[in-house]
Amino acid sequence: MTASRLYARRDVPFELTDINLTDATDEELMDISSESGTGLSLDEMHRVKEYFIGKGRDPTDVELQSIGQAWSEHCCYKSSKVFLKEYVFGINTRQVIDRGDAGVMEFDRDHAYALRVESHNHPSAVEPYGGAATGIGGIIRDVLCMGAQPIALVDPLYFGPLDLPFNKLPPGIKHPKYLFSGVVAGIRDYGNRVGLPTVSGGVWFDDGYIGNCLVNVGCVGIADKKDIRRNAVKGPGDILVLVGGRTGRDGIHGVTFASAVLTKESETESRGAVQLGDPITKEPVIHAVLEANERGLINGMKDLGGGGLSCVVGEIALSGGCGADVELSKVPLKEDGLAPWEIWVSESQERMMLSVSPKNLEDLLHVFKKWDALATPVAKVIPEKVVRLIFQGTKVFDVELEFLTEGPLYCRPCSIASEKRPRKERHPKAKQRYDRELLKLLSTPNICSKEWVIRQYDHEVRANTVIKPMQGKIGHWSHGDASVMKPVEESFRGLAIATASNPYAVGIDPYRGGKTCVDEVCRNLVAVGARPHSMTDCLNFGNPEKPDRLWMFREAVKGIGEVAKALNIPIPSGNVSFYNESQTGAVLPTPTIMGCGIVRDIRKCVTSDLKDEGNIIAIIGTTSPEMGASSYYRMTKNWSKNVPDVDIASLKAGIDVVVGGIERGAIVSCHDISDGGLAAALAEMCIGGDVGCEVDLTKLGDMRNDAKLFSESNSRWLVELRKGKEKLMPKDRKAKMTKIGSVQGDSLLISSSDRTLIELGTDRIAKSFNEPLWRLMG
Amino acid sequence: MKISQVKVCVLRIEGTNCEEEMFLSFKRLGAKPEKVHLKQLTGTDVTPEEKRSLSDYHILALPGGFSAGDYVRAGAIFAARMKSRLSEDLVDFVKSGKPVLGICNGFQILVELGLLPAMSGVMSDVPEAVLGTNDSARFECRPTLLKKVNRGSCVFTTKIPVDKISMIPSAHAEGKLMFSMENQTKILKELEDNDQIVFKYVDPEGSIAGYPWCPNGATDNIAGICNREGTVFGMMPHPERVFFRYSHPDWTRNPDGPGDGRAFFESALEYASKKL
């Protein structure tokens, strides 16, 4: 079946088709939707049809394509907005300077920082190197177009198991090892070339990501407050200047590709939806944009991301209360012969749109010429809220912006999946000793050292990274919890950056899991001495048209919002990625949280490696036998519904106690307790410090020893106290500090009630921790 | 000349990306650095106010990065552009005893230009060494320990005692210094005799060691070399990243004192202010 009788090719020297929607049957409307690749639903096609009947004419292919882009899930958040509004919008807006392509927060009196994290999942699943690289490119532009100098990147990644046997690989799916190496290489080659340090992230491996890996990318930038710009035109008369890369056929229908489930045909059908990155086009564009902006030549700017020109022109104009007349033939192309609709929706990389006053145009073009970066005036801002396109003298597009950008909003059905039988609790047998269990935990891919990845990224270019991702004695590295940037030359104020996610907890109990993710990102920031200040999230879920997937999403968002609200931490930007499904089902529900914290004086920061023998080790917070989703239970193939909850009063008190202790110089090293519980956290602290410790867990309370060792209860930190300074620790009964032992010797020795639970040489645990990823990746 | 009068040209093209920290390292010590695009020296696409001449400066610094994407070979494109338009200016600059610094990509550029190791004359016609792909075949961002072996010729390291071990971090994919196979022994001996070897990668005990202490597999663990006069100096690791103590990776263990990189810039400025 095809709707070809409804297409009328216009007699012009380029490709232009009028589409007769008036006479189309419902069936034909759906054919048109799928043949055009726009993915519009029948209801949405009816809305388009009525709009054009009201205008008394048929839409052109350019118009239909443009609407398809604007109304895609990716661009208008039609399934998620209702929940985001209810739970996460509007927290502590007093501290938010702007929420545009990136959120903008106050850093100090004169400076602001911008932050955002987003997904590049589907492109990376089809073409890992290019997909990941262009993800970085896009997130950098999001921060840049707020007027901020990008200063740091983060990359949380999620893959199937690296040792997956090839015969278990579903058809059309690429092997996790191939995807992992490709993605890391893409991030490395783009991030390093463009000169930005990659300072935080994480890698998670699970069967749930075999069919659809997740590649999230985040960026943070810094700006003088006076240089902050909105993603909006100033007013009628402004010239829109397209800068950066040329426009080509790569990246057509990226957003509609992102708004559908991956299939085994995705490779062949959607390869063209993946854009190509070019960091050496981007790098001078960054310089030119920042130079021109500093000189006051730019009124507002916006990144060309999903939907390309078709989205950016309408959005930047409408945000300033205007419309635009576009001369589409002026757009610089990679090759001749592109149809107007292709130019209009292409998502070719490295492009930005600047809104410029006519008097500044010449100076602006000079700056770009000096940097050998393309800059082309393509449109004029007009007072009417309408966008009109002229291509080689023919009008090919004329649509009111309010219709175009006011995409549909859905309140789709959501309900908990009905389980035939509730899953049975299954607990491991208690043991005398846990040496083998700890070594095995430390070598699981989710816990083991990520040095193989981290050292391929330049994490200190720009020389602002004062607390680095690998911490410890030279040659003895362990993971830190957060990195700290010192972004302003004349100030010791620091910006801490951390990422967190716990897809396992979210999978079992999305509400508690959502809360756990926020708790974890706060713990990470606090562990270096930062006060949590803002967060941004990338919410990776399955198909929202399935009620159980959407229920997961709603519950997770509710949990995230609840903790953020209680701590008064705003979420000034964010991203939702649905349809992360393939033939093997949906991915684990994965909210990635990137948090930023303020460090008052970076010279007070601490790292996770143990420092000096004789110092006391204490735990802050309460340990409970909440073993659901724990690394220990997953490793031993046990299961519990009891996922760690967050007690907000304890979390708040814990933040104050730890940050206070660090600022007063009482704490010399600190590590949050997360994957692998207390035992794994303590092991990592020993590995980084190349020293041992002796602790006694009797005082943690009455519970099983494996819970004491491996529980992942929230709001807990391990701290090393400087000898003689212990009294300086702030006290709060809601965040109890329990002294459990001291730094000494060259073994990790853990006992409880006079029984040794673990005794292992630091060298031995370091080996288990350090080697696995090198062995798997070579 | 006072240090405040020393003008430093921090030269960049597209893809240069360590210029800010290089610029700041000179500025913090009171000198007058300026970030200059190569086109400002060649006079292409610039206004008269933006035009600069190399001879206006006392020190030339080539920062790290991926100039022109490092496509072809690291530093090759930047070097070719300089050689075709600025050869005479460069030779005059070096001949007048003005210091030239190349860090990371800047070192690769100096080698591609023939300004290092400069076995015969100021600038060789073809490169006499190469910075090849690391033995690990990966980009390596890691702290590296460098032992100073230069006996005094290099003007960028006069404030660093001989045999001192400095922590200067590396971040590169092509840093394996190599010479032509047939002449290697002869070249190494000449470099040694001329006091042109400045730093070697070592382990914490100060001994020559393999990966990861030597991140790239360089010949004889050489991390940095200078010309015979000691005024042109290039190295793979990044002193500008450790100007301050708190950018050392383990500073929370040893928080006191300056960063190990500061002495490079102090040495160069002292030389420039006394000798130029």
Side-chain angles (χ1 to χ4, degrees), chain A residues 149 185 188-189 192-198 278-287 366 369-373 451-452 454-468 470-477 484 486 489 492 494 528 602-603 605-607 609 611-612 668-669 688-689, chain B residues 12-22 24-25 27-28 35 37 39-40 44-47 50 64-71 104 136 138-145 167 169 171-173 203-204 212-213 215 238 240-253 255 259 261:
Chain A
Q149 160 79 56
R188 175 194 68 204
D189 287 356
N192 293 354
R193 280 206 165 92
V194 85
L196 292 177
T198 299
D278 179 7
I280 300 306
T281 298
K282 164 63 85 17
E283 207 264 352
V285 170
I286 297 177
H287 284 297
H366 174 70
K369 188 162 185 206
K370 197 171 73 185
W371 282 104
D372 294 313
E451 191 182 14
W452 183 86
I454 294 169
R455 298 233 179 268
Q456 294 195 54
Y457 304 152
D458 193 334
H459 55 255
E460 50 190 3
V461 55
R462 302 184 61 77
N464 288 331
T465 317
V466 294
I467 295 292
K468 303 180 206 289
M470 299 299 291
Q471 302 175 356
K473 234 183 198 173
I474 298 267
H476 299 274
W477 311 106
V484 180
K486 180 187 167 302
E489 170 73 4
F492 282 108
V528 295
I602 55 107
R603 292 169 294 186
C605 283
V606 301
T607 47
D609 45 311
K611 302 294 184 304
D612 291 305
V668 291
S669 69
Chain B
R12 60 181 178 180
I13 62 167
E14 74 279 7
T16 305
N17 59 35
C18 302
E19 69 264 39
E20 190 65 29
E21 48 272 43
M22 178 74 90
L24 287 170
S25 295
K27 186 160 178 253
R28 286 165 188 149
K35 286 172 268 182
H37 196 287
K39 288 167 100 178
Q40 291 177 266
T44 325
D45 297 335
V46 291
T47 61
E50 290 166 338
F66 287 80
S67 57
D70 273 358
Y71 302 121
C104 196
S136 68
R138 270 189 305 269
F139 187 93
E140 297 277 351
C141 177
R142 54 175 69 249
T144 37
L145 299 173
M167 198 302 298
H172 58 255
D203 65 16
W213 300 110
H238 288 270
E240 80 284 9
R241 293 189 181 183
V242 278
F243 188 91
F244 295 115
R245 192 79 210 167
Y246 52 70
S247 34
H248 278 238
D250 61 344
W251 71 268
T252 58
R253 314 181 74 85

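Excluded from the calculations below are hydrogen atoms, water molecules and symmetry mates; all remaining heavy atoms, backbone and side chain alike, are included. Below, chains carry the letters A, B, ... as their sequence lines are ordered, and counting in each starts from 1.
In terms of heavy-atom pairs under 4.5 angstrom with chain B, the leader among A/Val194, A/Ile454, A/Asp609 is A/Asp609. Chain A forms the most heavy-atom pairs under 4.5 Å with one residue out of B/Arg12, B/Gln40, B/His172, and that residue is B/Arg12. Most heavy-atom pairs under 4.5 Å with chain B, from the set A/Leu196, A/Asp189, A/Thr607: that is A/Thr607. Heavy-atom pairs under 4.5 Å with chain B were tallied for A/Arg462, A/His287, A/Met470, A/Arg188; the largest tally goes to A/Arg462. Highest contact tally toward chain B, considering only A/Glu451, A/His459, A/Arg603, A/His366, is held by A/His366 [criterion: heavy-atom pairs under 4.5 Å]. Put simply, of B/Pro212, B/Cys141, B/Pro204, the one with the most heavy-atom pairs under 4.5 Å next to chain A is B/Cys141.
Contacts of B/Thr47 with chain A are made by both backbone and side-chain atoms, with heavy-atom separations under 4.5 Å. Neither the backbone nor the side chain of B/Arg245 comes within less than 4.5 Å of any heavy atom of chain A. The contact between A/Lys468 and chain B is made entirely by side chain atoms (from C-beta outward), counting heavy-atom distances below 4.5 Å. Residue contact with chain A, scored on non-hydrogen atoms closer than 4.5 Å, involves the backbone and the side chain of B/Pro249 alike. Both the backbone and the side chain of A/Asn192 come within contact range of chain B, with heavy atoms under 4.5 Å apart. Interface remark: B/Met167 contributes side-chain atoms only to the contact with chain A (heavy atom separation under 4.5 Å). The parts of B/Arg142 that come within reach of chain A are both its backbone and its side chain, each placing non-hydrogen atoms under 4.5 angstrom from that chain. If you measure heavy-atom distances from B/Ala173 to chain A, you find no contacts under 4.5 Å at all.
B/Tyr246 and A/Lys486 make their closest contact through OH-CE, 3.2 Å (heavy atoms, listed as atom of the first residue, atom of the second, distance). Nearest heavy-atom pair across B/Lys39 and A/Asp372 is NZ-OD1, 2.6 Å.
Taking NE2 from B/His37 and CH2 from A/Trp371, the interatomic distance works out to 4.5 Å, rounded to the nearest 0.5 Å. For the atom pair CZ of B/Phe244 and CD1 of A/Ile602, the computed distance is 9.5 Å after rounding to the nearest 0.5 Å. Atoms NE2 and CG, from B/His238 and A/Asp458 in turn, are 6.5 Å apart once rounded to the nearest 0.5 Å. Atom CZ of B/Arg253 and atom CD of A/Gln471 lie 11.0 Å apart (nearest 0.5 Å). Remark: A/Ile286 CD1 to B/Asn17 CG distance equals 9.5 Å, nearest 0.5 Å. If you take CD on A/Glu460 and OG on B/Ser247, they are separated by 8.0 Å, rounding to the nearest 0.5 Å.
Other residues, nucleotides and ligands contribute over 12 non-hydrogen atoms within 6.0 Å of the NZ atom of B/Lys35.
Residues A/Lys473 and B/Asp250 fail the side-chain proximity criterion, which asks for heavy atoms closer than 4.5 Å.
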Under the side-chain contact (heavy atoms from CB on, under 4.5 Å) rule, what do A/Glu489 and B/Arg28 come out as? Steps first, then yes or no, please. CA-CA 10 Å; A/Glu489 170 73 4; B/Arg28 286 165 188 149; 2.7 Å; yes
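A side-chain donor-acceptor contact under 3.5 Å links A/Glu283 to the backbone of B/Gly15.
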